Chemist: 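Sending over a structure as C-alpha cells; questions will come in a sec.
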Amino acid sequence: MMAKTSGKSGGTARKGGPARKSAAPAARRRPAPSGARQPARPAAKKTAKRAVKKAAKKAAAKRRHVPGPLEALGLGLKGLWIGTARSTGWMARSVGKEAATAREIDPAHRRDGLGLLLVAVAIVLACAVWFDVAGPVGERLAFILDWLLGLATRALPVLLVLWGLRVMRQRPPEEAHGRALVGWGAIWLSSLGLLHLISGLPSDMGERMAAGGQVGWVVGGGLAAGVSAYVAFPLLLLLLFFGVLVATATPVAEIPVKLGRLWDLATGRVEAYEDEDEEDAGDRLTRAESREAKRLKEEEARRVHRPTTVLPRLAPEEVPELNAEHVSARDSAPIEAPEPVRSPPKHSPAPKRIEQPTLSDGTAPVVGEFRLPPLDLLPTGPAAKKRSKANEVVIAALQEVFAQFNVDAAVTGFTRGPTVTRYEVELGPAVKVERIIQLSKNIAYAVKSSDIRIINPIPGKSAVGVEIPNTDRDDVALGDVMRSPLAQSDHHPMIVGLGKDVEGGYVLTNLTKTPHLLVAGATGSGKSSMINSLLVSVMVRATPEQVRLLLIDPKRVELSNYEGIPHLVHPIVTNPKKASDALQWVVKEMDMRYEDLAKAGVRHVDDFNRKIRSGELKTDAASGRELRPHPYLLVIVDELADLMMVAARDVEDSVVRITQLARAAGIHLVLATQRPSVDVVTGLIKANVPSRLAFSTSSLADSRVILDQPGAEKLVGRGDGLFLPMGASKPERIQGAWVSDEEIEAVVEHVKSQMDPQYIEEVTAAPGSTREIDPDIGDDLELLIQAIEQVVTTQFGSTSMLQRKLRVGFAKAGRLMDLMETRGVVGPSEGTKARDVLVKPDELDGVIASLQA
Ligand SMILES: Nc1ncnc2c1ncn2[C@@H]1O[C@H](COP(=O)(O)OP(=O)(O)OP(=O)(O)O)[C@@H](O)[C@H]1O
C-alpha cells in the first residue's frame, strides 16, 4: 500500500500538487548516502522549479480574480485618485516648465509687467474708490478696502502708480524688499492709527470706514485703550517717523546731509544729484552704507562735489591728490558745462607782459600786438554722460560673475570716464584680491570686451578697480579742456590740453615740466590727434614771442595744416635728411642759449628772460649784441622712425644732447612714432625722454618699449591713452582730446592773418654750409659726396667703379679717390686692388656733414 501510495504519489508528484511538498522534505530529511547524493540534486532542482511554477500560477489566478461591487468601487476610486494625481503632477510640471520659461524672460520685461500690473490695479482702485464706476467687483473691492484701511484707501491708487513706475524704472534689489516691507508697514500702521485717533476714536463701523478702518481701530484704538490717546498719538508719530527713515534708507545721522542736498537741488546749486536715486543706492549698496554715510558727512564739510558718478547712495569720494609735478592744470569743470571741481594745484603765475624773445640768430620775430585766437573757435563737445544704461548692464554682469563664482565682492560704485568706466569692487572679509584677477577672463566674457584692466588698488581707496570700455563712449573736445577753469587760471604758455581721465577730470600738462615727451601707438590709435591738440593748445595760449615751433613731419601730410603759422622757425621739415640737420641746429641753438645763460649767471631761461625784462641785462658785453628774451622752442617730430631710418646715429646723438640739456634752455621735444620698437625708440632715447604717452599698441612688447610696463596693448584706440609723466610710477588712463580739421583751420587762419612767419634759414642748412669749401675740393664737392656715398654704401673702394657709376674719366675718378683718402674714407692705394673702405654706412651722414663743414 505504502509502495503503491508512494508509487502513486510519485506519479502525481511529477504533475505537481501536494506530492511536491512531501518530496522535498523527504529529500531533506533523509539525506542519501554519499554514493546516492548525486542523483538527489536534480530531484531538488525539479522540486524548486515546480514551486516557482506554482507560485506563478497562483499569481495568474489572482489576476484573473473578478472583484465584487464594493471592491470595484474602491478600485475605481483608487484609479481616479492615481489618475488625478498623475495628471495634476503632469500639469504642475508643465506649469513649472512654463514658469521656468517665464523666468527666462528678460528681467526688464518682467519688471515692466509687474509695474504695469500695479498701474492696472491702481486704475481699478481709482475707479472704485474715487469715482465709484468700477462695477460690482470694484464696489466690493472698495468696500473691503474701506473697511480695512478707512480713509487711507483714497491714497492707494496714487501710491500704487508711483510704485509701479518705480518698479519699471529700475530693478528693486533683493535686500530692499525687507526694508520696504518694514518701512512701509510702519508708515501704514502708524498713519491708520493716527487717522483713528484724529477722528475721535470712532466706535461705529461706518465712521471707522471714514477714519482708519479696522486696521486703524486695532492699532490706534488698541494703543489708546492701553496707554491713553495722549500717549498713543506721539508714539504713532514716532512710528511714522521710523517708517519714513527705513523706507528712504536714511539713518538719522544722514538727515542733515540729505536736507542739505535737497536744499542744493532746490536752489539749483547742484545738478549732479538729479540722476542719483538716493533710495536705490541704499538698496544696492547696503554693505557700503555706514562707510558712505561717513564720507557724505566729510564731503558735506568740504562742500566739494566730485566728478564721479557713484552708484545710488554712494557718496562723493575723496578728491584725489593731483600730481603736482606734471599736472599743473587739471580739473574737472568746463566753464559752460559745470562739473564738480577739484582743488586746484599750484600753478605758475600769469606772465605780466608779453616777452619779446629772440632766437640765436638775433632776429626779433614778432613786432606789435598779437591777439590770441578766441576760445570760441573751439566748440564745446557733447555733454559727458555720468551714467548710462551700458553702465547698468555692466554692473549687473559683474555682480552676476561674482555670484556665479561665489566670490564675496560687490560693485560699490563707478567713475565713468569718456572711454572707459572704472567700476569699484569692494571685497568681503578674507577674500583675496587674486580672486578678482583670476576672474578677469570671465569678467571680460561677461561684459563682452577683451580690453578690461584691473587696477589694484584704486589709488587712495580700499577697492579694486575694473576698467571696462564704454560701449557708448564720449568724445572729449579740446575746447572744453582749454576752457576748464584751471586751464584758464594758469597762463603758462606751454600748458597743453591732453584730454580727460577716467574720473572725467580734465588733464592738462605743462610741456616745460614734461620736459620731453614720447608719444607712441599703433596706426590709427590717436597720435596725430594728440599732436594736433598740443599744437592748437599752444596756438590758443601762446604768442609767437612766447613759443616758437619746429615741426618735423617726414610723412609730409600730418602737420601740413600748420604750414605758415607765425610760430614756426622754419617751414615744416619733411625731408628726413634735413630733419637730421634741423635737430643739429637745435643743438646749436641750445649751446648758444647756454652761453647766454652762463654769461648772465643764471641757470634757467626763465631767469634770463626775467633779467632782460627787468633791464638788468641789455647787451652781451663781449660781442655788443643786444640781448632779448628767448622764447620756448617746442620741437615736434611726427614720425621718429622715418628719421631713424635715414640717420639713426645723428638723430640719436642730437636727441640725446637736446634732451639732456635743453630743459634749462627752454627747448622741449615731443617725439611721436607708430613703431615703438627698440631700433626706433633706442635705449638712449628712452633714457632721456622721461614722459611717455602711449596709445593703443599692437603688442605687449610695444607697450613695454613705451611705458616699461604692459597696459597699452589693452587700450581701445581712438585716443584712448596712458599718460606716464616724468616721475610717476603708474600711468594714468586718459581719453585724448579731439580737435577737428575745421577747428584747426580756424585757429591757424586766425594766427596767420596777424603775422607772417620769420623763418631762420640756418635751421636746415647743413651745419657749416655757409663756410668756405676746402680749396682742394673746389667745384667737385657734389661729385665727391656722390663718390663717398657710392663707396661707403657698396663698401668697395674701386676707381673703375667710380668711373662707371659717376660717368667720369679715369683722372677725375682717381682725384676723387685721393680726396677720399685724405679725409679718411678709404685707405691708401694698393696697386690694382680695390682700396679699403674705412667708413661704415651708418657713419656716412656724419662724414658728409663734416665735409660740408
Ligand atoms: N581723441 C580722439 N577722439 C575721437 N576720435 C579719435 C581721437 N583720436 C583719434 N580718433 C579717431 O581715430 C582716427 C585715427 O586717429 P589718428 O589719425 O590720430 O591716428 P594715428 O595714431 O595718428 O594714426 P597714424 O599713425 O596712422 O597717423 C581719427 O581719424 C579719429 O577718427
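Counting starts at 1 for both ligands and their atoms, in listed order. Predicted model, so just to flag it, every value in this text is computed and none were measured.
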Chemist: If we count only N and O atoms by modelled type, under 3.5 Å, do the side chains of Ser528 and Glu558 hold a donor and an acceptor together?
Modeler: yes
Chemist: Listed by chain and number, what are the ring pair (Phe, Tyr, Trp, His ring centres under 6.0 Å) partners of Tyr562, not counting sequence neighbours?
Modeler: none
Chemist: For a quick check: using heavy atoms under 4.0 Å, what are the residues in contact with ligand 1, sorted by chain and number?
Modeler: Asp475, Ala522, Thr523, Gly524, Ser525, Gly526, Lys527, Ser528, Ser529, Lys555, Glu558, Gln674, Arg718, Gly719, Gln735, Gly736, Ala737, Trp738
Chemist: Of all residues at least two apart in sequence or in a different chain, which pass the side chain to side chain donor-acceptor pair (under 3.5 Å) check with Asp708?
Modeler: Lys686
Chemist: Do we see a donor-acceptor contact under 3.5 Å between the side chains of Ser449 and Asp451?
Modeler: no
Chemist: I need the full list of side-chain hydrogen bond (donor to acceptor under 3.5 Å, both in side chains) pairs touching residues 649-658, with sequence neighbours left out, sorted by first then second residue.
Modeler: Asp591-Arg657, Glu652-Thr682
Chemist: Between Arg675 and Glu639, does any side-chain N to carboxylate O distance fall below 4.0 Å?
Modeler: no
